[in-house]
Amino acid sequence: MSLIEIKDLKVHYPIRSGFWNRVTDSVKAVDGISFNIEAGETYGLVGESGSGKSTTGKSVVGLEKVTSGSIMYKGKDITKKSNRNHLDYNHDVQMIFQDSLSSLNPRKRIEDIIAEPLRNFEHLSKDDEKLRVLQLLDIVGLDADALYKYPHQFSGGQRQRIGVARAVATNPKLIIADEPVSALDLSVQAQVLNFMKKIQREFGISYLFISHDLGVVRHMCNNIAIMNRGRLVEIGTRDDIYNHPLHIYTKRLLAAIPETNVSQRKAHREARLAVEQVYREQQDKYYDEHGDAYPLVQVSPTHAVALPEALAQQIVQEGEVKA
Amino acid sequence: MESTSEFLNIKDVSTAFKINGKYYDAISHINLEVHHDEILAIVGESGCGKSTLATTIMGLHDPAETKISGEVDFEGTNLLTLNEAGYNKFRGAKIGMIFQDPLSALNPLKRIEDQISEVMDYHTNFTAEQKHDRVLELLDQVGIVNPKRTAHQFPHELSGGMRQRVIIAIAIACKPDLIIADEPTTALDVTIQAQILDVLREIQKENHAGIILITHDLGVVAETADRVAVMYAGQIVEQGSAEQIFNTPKHPYTRSLLRSMPQLENQNDDLYVIQGNVPSLQRMPHEGDRFAPRIPWVPESAHEKDPVMHVIETGHEVRCTCYKEFKFPDEAEDVKA
Amino acid sequence: MEENLNKHSNISAADLDRLTKEASEEATPSSAKIIWNEFKADKPAMGALIIVIGFILFVMIAALFINTPKMMETNIMNYNAAPGSNGFLFGADTGGRSVGQQLIVGARNSIGIAIGLTLISSTFGICWGLISGYFNGYIDWGMQRVYDFMMMLPMTMMIIVLVTIIKNYNAVTLTFIFSIFYWEGTSRLIRSRTLSESEKDYVAAAKTSGTSNFKIIFKEIMPNISSLIIVDTTLSFAENIGVETGLSYLGFGLPIQTPSLGTLIANANDPNNITQYWWTWLPAAILIIILCLSISYIGQVVRRSADASQRHGITD
Amino acid sequence: MWKTILRRILIMIPEIIILSILVFLLAKAMPGDPFTGSINPKADPAQLHHLMKINGLYDPWYQQYWNWVVHLFHGNLGNSYQYQEPVTRLIGGRAINTLWLALFTTILTYCIALPMGMYAAKHEGKLPDSIIRVYTYVTFCIPFFVILVIGVWIFGFVLGWFPTTGSISSTATPGIQSVGSRIYHILLPGILGALFGTVNVVQYLRSEVIDAKRSDYVRTARSKGVPEKDIYKHHIFRNSLLPIAAFAGYSITGLLNGSLFTETVFSYPGMGLLFINSISYRDYTVITALVLIYGILNLLGTLLSDIILSIVDPRIRIQ
Amino acid sequence: AVKFSTTYKNSDATDKTATKNGTLKLALVSNSPFQGITDPQLASNASDSMAFAPGNLNNLFKYDKNYKIISGGLADQKLDRSAKTATITIRKNGKWSNGSPVIAKDIEYAYEVLGNKDSTSSQYSSDFENIEGMAAYHKGTADTISGITMPDGENGKVAVIHFQKMSPSMQFVGNSYISQYIEPYEHIKNIPIAKLASSAPVRKNPIFTGAYKLDKVVEGESTSWSPNKFYYGKKAQIGHITINVVSLNNIDKALQSKKYDSVVPFPAASLGGTDYKNLKNVKGFTNVGEPSLGYSYFAFNLGHFDTKTGKNVEDPSKKMSNKSLRQAMMYALNVDQVSKKFGNGVKQRANTLIPPVFQKYYDKNAAGYALNIKKANKLLDDAGYKKRNGSKWRSDPQGKPLTIHFGAMSSNATTEATYQDYLQQWHKVGLNVKLVNGKPIETNSFYDTLQKPSQNTMDLWLGVWSLSSEPSQSQLYGETAPFNMGHFATAKNTQLINKMNDSSAWNDKSRTKTFKDWQEYMNSQAGVVGEQFSYAWQPVNNRVKGFNISPANDVDFYSNLTLTSSSMK
Ligand SMILES: Nc1ncnc2c1ncn2[C@@H]1O[C@H](COP(=O)(O)OP(=O)(O)OP(=O)(O)O)[C@@H](O)[C@H]1O
Ligand SMILES: Nc1ncnc2c1ncn2[C@@H]1O[C@H](COP(=O)(O)OP(=O)(O)OP(=O)(O)O)[C@@H](O)[C@H]1O
Ligand SMILES: [Mg+2]
Ligand SMILES: [Mg+2]
């Protein structure tokens with residue numbers, strides 16, 4: 001059984017208008033997605049801005065009111081608040097946020113920040129609690145003197161590590177990491193990614209890793225889902241996605257990753273423009289009449305793509321021919 | 001691409017900010033040249049002084065709060081000696097600037113057309129009609145699909161990518177010789193980033209302009225830049241063509257940065273991490289190699305007392321001699337010990 | 001977890017005391033301390049603080065030694081006695097009552113009203129704003145309607161009507177009546193800040209950490225808008241000191257037996273009194289201005305220090 | 001947008017109804033009645049009771065309220081007991097005076113406050129800024145009526161520049177002369193009201209301008225080579241005037257509050273003075289009507305602000 | 001105390017052109033705008049009568065300084081005691097200011113306006129039902145008042161009023177049986193009486209019978225006047241008169257800065273003692289004055305009003321029923337000193353309940369209650385109000401603690417200071433007197449309490465009467481008078497008051513004696529005790545000539561005025 005099973009998850013935000021301010025339409029931030037996260041893996045969720053990644057992540061930790069669909073954990077649907085409370089759900093599922101400064105309460109000392117989930121879920125004695133906090137700080141590589149300081153006194157990387165420490169404080173089974181490094185400098189980003197990996201190794205945590213940086217995702221994730229306008233367009237293993245992308249949207253994202261090999265940049269650029277060309281010309285082939293993605297079809301045990309069956313087979317074969 | 005002529009020459013420029021009554025250098029003794037038809041990328045971590053350099057060239061600092069020394073020779077004029085009115089002849093006309101945050105950089109209350117044609121009000125004697133035509137032309141040029149419609153809209157009605165295009169349109173409206181782009185794509189998605197960079201490159205080709213591209217994304221640099229200057233703590237630590245920097249990086253800082261990028265090869269390994277932080281202004285060391293504290297395993301003797309730039313080959317310069325002895329800790333067990 | 005941590009961390013229970021001590025040596029000063037330091041650095045602000053606290057203390061203590069009923073006894077022979085005459089340092093008013101003593105008792109009453117009013121209306125306004133800003137949806141909607149309704153009420157008129165209805169009103173009832181109308185400004189301010197504060201990720205983080213809404217509102221969000229609260233409270237306090245002056249002028253203020261700065265200033269209701277008997281109102285007016293200015297100034301300093309702790313924080 | 005405005009107005013209706021009941025009850029709760037106050041040996045208490053009865057004042061409150069509402073739908077707010085005149089006509093005459101004064105005060109407030117706020121912000125931290133700030137603080141701390149009384153004394157009586165009572169000269173002939181006389185009469189109260197009203201506007205504008213000065217779009221404008229004075233003109237002032245324009249609607253509340261004082265000091269027959277008088281006469285119909293009108297004006301003020309804002313600020317479209 | 005003359009005798013010669021082209025500026029002292037009801041039958045507020053005074057308010061009669069009706073006015077009145085009629089004959093040249101003649105119907109219509117069942121007037125009283133048919137008309141059962149006849153027809157000049165009973169007070173203007181005013185019937189006949197007060201002919205284009213006609217009225221704030229060429233009497237001389245409302249707070253400064261020539265004369269005084277202090281020495285002004293038609297008084301709560309019988313009844317069990325207690329309380333006060341200090345000479349202790357303006361009836365020799373602490377203490381001691389058990393307060397003769405509640409109306413600072421002074425005086429004689437609710441009461445609540453048939457909130461109170469020009473006391477202190485709020489109703493009092501109006505009172509001398517007897521009796525009983533009399537005084541600019549505020553000059557007051565210079569002195 002998977003750790004988390006997301007089934008046909010929908011989150012719609014109402015748009016009110018008209019004379020009586022009634023709900024006339026809705027933003028379909030997440031529009032029917034399903035995927036499973038296995039224990040101990042890092043699951044990548046990739047997509048352009050506004051594609052619904054954060055909304056998905058928030059739904060999984062229970063921060064968002066879900067319109068329909070289910071998220072099963074330990075056989076219970078945790079989209080219901082009562083089930084979450086009953087399971088002490090957030091003891092097991094935690095979150096790391098994108099903006100490290102805003103995710104740490106500026107008026108609280110680091111000790112209180114890290115101890116917050118402990119105080120709510122594990123009622124420890126004062127000393128035990130302090131010890132735990134100190135150990136957590138040690139694990140994320142911060143000195144004990146951080147204990148009584150405030151978030152603004154740390155650099156971005158350090159703050160993000162404090163966020164990690166808080167997230168792992170209750171030894172959760174799953175951590176949702178919503179763009180944990182996209183606001184960070186290259187070198188600091190490396191730092192945080194290293195820590196996340198280290199902690200995963202040591203505690204066997206699963207991540208739902210949300211990012212739009214395909215380079216980072218490739219570095220971190222075993223399984224990846226590509227999201228586009230509230231729907232999944234492709235899911236697969238790292239290899240499936242990076243080496244055998246099927247959906248034009250995935251290809252486009254991949255082509256847009258800057259090439260670090262200076263000598264090949266011209267070729268890279270041409271390749272990218274070619275993909276763009278296809279993307280523009282073949283929109284209606286890849287999307288249904290409303291411009292939404294098709295339902296996913298399985299093309300291999302690990303790989304699924306949101307295309308009509310026939311088209312999917314055709315593309316798979318083309319790919320094989322090329323290879 | 002061969003550089004044709006140099007038209008911007010930054011000589012020994014330092015900019016100091018007043019903090020609690022004392023001046024602290026944010027950039028010190030910068031020397032740089034920009035040529036027509038080239039993209040010069042400036043890279044470095046946050047707080048290295050990249051933006052300060054850009055705003056110094058643009059003369060956007062409050063003279064009461066800053067002290068600037070050195071020379072910025074732009075087509076024969078030292079910009080730093082100009083008064084406000086003199087500077088305004090260059091801003092917008094000969095030098096265009098593109099800012100990072102596309103939302104706040106546009107006046108929320110003015111239509112796109114007015115914001116673009118405002119540059120022309122001061123630097124051309126176009127008639128209203130000419131300006132209107134030019135606006136549409138510009139919007140088309142930066143890749144906006146429906147220029148007529150967009151010209152009439154307000155910034156909040158546009159997406160981030162479109163706003164950034166508008167800002168580029170403003171910057172190039174008067175066909176400037178120099179465009180300074182301060183992190184133009186940081187706030188954007190990869191796909192849009194790629195498009196914006198394309199636009200920039202096309203414009204440069206068309207206008208034969210020189211572009212200073214400020215970014216901390218090495219991928220962007222590798223994709224776009226002709227030459228690269230790496231900045232650390234207010235200084236340029238390495239400078240060279242894109243090939244030189246990416247293929248044969250010398251300075252420990254450059255090498256560290258490159259190494260900390262997630263790459264295909266190191267998929268399952270840990271990424272390289274540079275120890276420590278960029279020092280804040282008040283804590284900036286003023287003697288010796290400023291990067292030394294972050295590579296503590298390199299013996300002090302390897303550093304110069306007063307590091308200067310060393311030419312390695314044509315166009316490739318590196319500060320300090322420590323690069324010669326620098327090895328990553330995992331490359332040389334002996335050094336680490 | 002316990003085991004896990006012990007396995008991966010070098011720290012054990014033995015290190016606890018030592019590390020705690022180390023940490024507390026490096027601890028950052030609390031914001032109260034930062035504010036205090038700011039005052040120490042800013043001479044005029046310190047002056048203002050001393051004036052305000054000194055004055056309040058003086059008035060509170062001095063008022064204890066004044067027998068108010070006795071002070072309020074009329075002595076028509078001292079009708080509008082000029083300062084210095086008949087042993088009145090500050091002169092006497094129409095009833096021959098010492099203006100000086102009334103200043104003290106009146107200031108105490110006015111400050112008391114201001115404190116009471118500020119406490120009630122700010123507490124209420126803050127809670128209202130916090131709750132309404134934190135919960136969106138029906139709670140916020142309902143609270144906003146109440147708020148809209150209060151906004152609509154013509155305040156002075158309503159107060160006058162209420163004052164007329166309440167037969168036996170005094171400083172306490174007056175304070176309550178004012179409180180009905182004075183929480184809106186605060187609540188609006190707090191609500192808008194709470195709205196933006198609630199969007200921040202630390203609130204989401206607190207939710208995922210299992211913290212209750214009540215705790216999030218008052219333990220997480222409130223401290224973050226504390227500088228706003230402090231500044232708003234000081235400013236309302238400054239404003240509230242003279243709150244009943246207008247009513248007193250219109251003839252709906254406190255009864256004569258309860259002197260206040262307002263009733264004293266209301267002596268300036270007539271151009272003749274303004275010139276001829278300036279001592280009956282001018283000192284009170286000056287007092288209000290000084291107090292009000294000092295308190296506003298203190299508010300500024302508090303605001304500044306609150307900002308500074310965020311701005312220069314990293315370099316500290 | 002019209003729909004929105006209409007909806008906003010519809011939402012107002014329950015608020016107005018609640019207010020009307022509240023005011024109605026409060027007015028009745030005041031001790032005394034419209035006739036007791038006018039006690040004199042010539043008035044026979046029996047006749048007063050008779051008047052109470054024919055005016056329905058002995059009915060239960062809901063009955064009275066209902067009658068009042070029914071009349072309201074016929075455009076009739078009842079008769080003033082004191083003035084023996086339909087309330088609509090009575091208030092109509094006073095409202096014009098109050099609105100004249102309010103309008104004039106508003107215009108004047110902005111004429112004084114805008115240059116002041118901008119000047120202060122432009123020279124932020126320098127001497128003129130400090131002087132303007134001290135001015136605003138001091139004005140903020142002085143009770144309004146003290147400003148009024150001192151103003152009347154100096155400019156009305158000592159210097160004799162302005163009339164000190166009424167809304168129009170008793171001898172002014174209709175036409176130009178009477179308009180002139182009206183303006184002459186609201187000059188002093190208007191100026192004094194404006195002096196007081198500037199405080200908020202100046203402070204608000206100042207902080208808006210200072211924020212705008214530091215904004216990114218101003219930096220963009222600088223990088224376009226726009227001269228400093230045009231930057232102020234086209235970008236900073238324009239953008240900071242926006243919220244100020246909207247503030248005008250909200251300031252109605254303040255002006256109406258102030259009218260109680262201004263009109264009392266200047267014996268200016270407007271709604272404020274009428275209210276104060278009606279309170280002591282227990283003129284229920286007038287009190288109820290006035291509170292209601294002030295309430296509605298407050299509501300309209302906020303609505304007006306929202307409309308102005310949505311017109312001038314392209315970012316806001318009321319939906 | 002100060003002595004005022006009713007006349008400012010200006011020795012300067014009248015400046016004809018200044019008079020003809022000039023404007024006399026009068027201030028109307030009031031904190032509220034006037035209502036604008038020109039019809040005196042409907043007006044409920046003194047401001048209106050002042051605002052429209054130059055039109056003479058359609059006053060029918062001329063009277064002497066004792067307010068006794070004499071001939072020479074717009075109409076003459078003849079009383080016929082045996083026929084029980086009053087015959088009112090309008091002079092031939094009596095005209096309204098629009099030129100139309102004053103007719104008999106104008107007289108009759110005044111009663112209709114007053115007595116109509118839908119009338120908004122508050123001036124109707126049961127006394128009017130003395131007129132034949134008035135009761136029926138008031139009830140609405142009759143369309144006309146049968147007791148008023150017009151022998152020459154409606155357009156004639158004579159009206160005859162038939163009474164059930166004649167009263168001596170009918171000889172005086174302002175009595176409660178004969179209306180002193182008329183209505184311009186032709187001008188207003190089309191308007192229902194219920195709507196009269198708000199109609200245009202009353203508010204916008206009213207007509208008058210006085211020396212001046214109204215040019216313009218600015219609602220609530222000013223009126224302006226010019227000579228009425230149809231006036232029957234002495235022609236008005238000054239080109240314009242303007243009257244502006246000025247608030248109490250501003251009036252002193254307004255006069256000091258010479259914005260006005262004077263204030264509109266008002267018999268119940270519009271300026272007080274403090275004003276006098278500010279204004280007495282202003283250059284260019286002279287003060288005139290006459291005793292005010294009003295006074296303030298202390299009244300004690302002695303009983304209740306029996307609504308069934310319509311009579312006031314004394315309850316001997318009331319706290320204040322003890323005469324010695326009442327007297328002692330009055331002796332404890334030093335009203336003289338208060339009057340001197342705050343009245344600045346324009347006020348004096350009231351020694352009786354008839355103010356000196358009624359020269360004939362006023363008992364100037366009455367002693368009243370001057371300060372006498374000793375006597376007060378003795379009275380209390382003798383009556384058994386002793387301090388017991390070391391208390392600082394006296395208890396009642398039964399030994400129960402005694403707390404007396406004093407009711408006083410909220411007012412200006414000076415007056416409220418006076419209350420405090422009185423309390424202190426009472427405390428001096430050991431009486432525990434407290435203000436009701438601890439503070440002065442707002443006027444409405446004050447009368448609301450007192451007008452209840454029975455109340456125990458106030459044991460004594462300080463009230464004010466402004467009087468009608470007819471002095472009989474039945475409406476204030478009579479056995480059936482609802483305004484007798486202290487319910488003082490001894491047999492002797494009833495008898496004396498009745499005597500003021502019975503047949504013996506047709507004889508002036510005898511009536512005067514009754515008044516004096518009543519004053520003496522009231523003083524001895526101390527059920528109601530006068531507090532202060534005051535002067536209705538006012539400054540008048542020295543450019544004004546012919547300024548005489550004596551009642552005898554009322555009819556011609558405005559015609560007599562002239563100016564001696566075009567600018568103020
Ligand atoms: N509270 C909300 N009310 C209405 N719409 C919302 C709300 N939150 C998000 N949306 C909309 O839902 C869509 C998905 O938003 P989401 O934040 O999940 O995207 P994302 O993929 O995380 O984007 P980004 O990369 O910018 O963070 C967007 O179109 C967004 O505008
Ligand atoms: N106006 C200023 N006053 C004081 N210090 C400043 C000012 N502007 C910048 N600094 C400081 O100067 C240093 C360099 O800043 P700068 O903005 O140039 O860095 P950057 O390289 O552009 O960084 P980023 O990538 O974050 O934009 C930083 O330490 C910054 O704190
Ligand atoms: Mg997101
Ligand atoms: Mg920067």
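We name chains A, B, ... by the order of the sequence lines, and we start the count at 1 in each one. Keep in mind it's a predicted model, so treat the numbers as computed, not measured.
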Please state whether the rings of B:His36 and B:Phe7 are parallel, tilted or perpendicular, taking 30° and 60° as the class boundaries. parallel
Assess the pair D:His185 and D:Tyr268: is the distance between their ring centroids shorter than 6.0 Å? no
Decide if atom CG of B:Asn125 counts as having more than 12 heavy atoms of other residues, nucleotides or ligands within a radius under 6.0 Å. no
Whether D:Glu124 and D:Lys213 form a salt bridge (side-chain N of Lys/Arg under 4.0 Å from carboxylate O of Asp/Glu) is what I want to check. yes
Any donor and acceptor pair, going by atom type alone, linking the side chain of B:Glu202 with main-chain N or O of B:Val199 inside 3.5 Å? no
Contact part of D:Ser215 toward chain B, heavy-atom cut-off under 4.5 Å: side chain, backbone, both or neither? neither
Any donor-acceptor pair under 3.5 Å linking the side chain of D:Thr98 with the backbone of D:Met271? yes
Atom group of B:Ala105 that falls short of 4.5 Å from chain D, counting heavy atoms: both
Given B:Ser104, B:Cys174, B:Gly92, B:Pro155, the one with more heavy-atom pairs under 4.5 angstrom with chain D than any other is B:Ser104
If the plane angle is over 60° it's perpendicular, under 30° parallel, otherwise tilted; pick one for D:His123 and D:Tyr119. tilted
So that I can tick it off, tell me whether B:Glu84 and B:Arg91 are bridged by a salt bridge, with the cut-off set at under 4.0 angstrom between side-chain N and carboxylate O. yes
Part of B:Ile95 lying under 4.5 Å from any heavy atom of chain D: backbone
How would you list, in number order, the residues of residues 109-124 of chain B that have a heavy atom less than 4.5 Å from chain D? B:Leu109, B:Lys110, B:Gln115, B:Glu118, B:Val119, B:Tyr122, B:His123
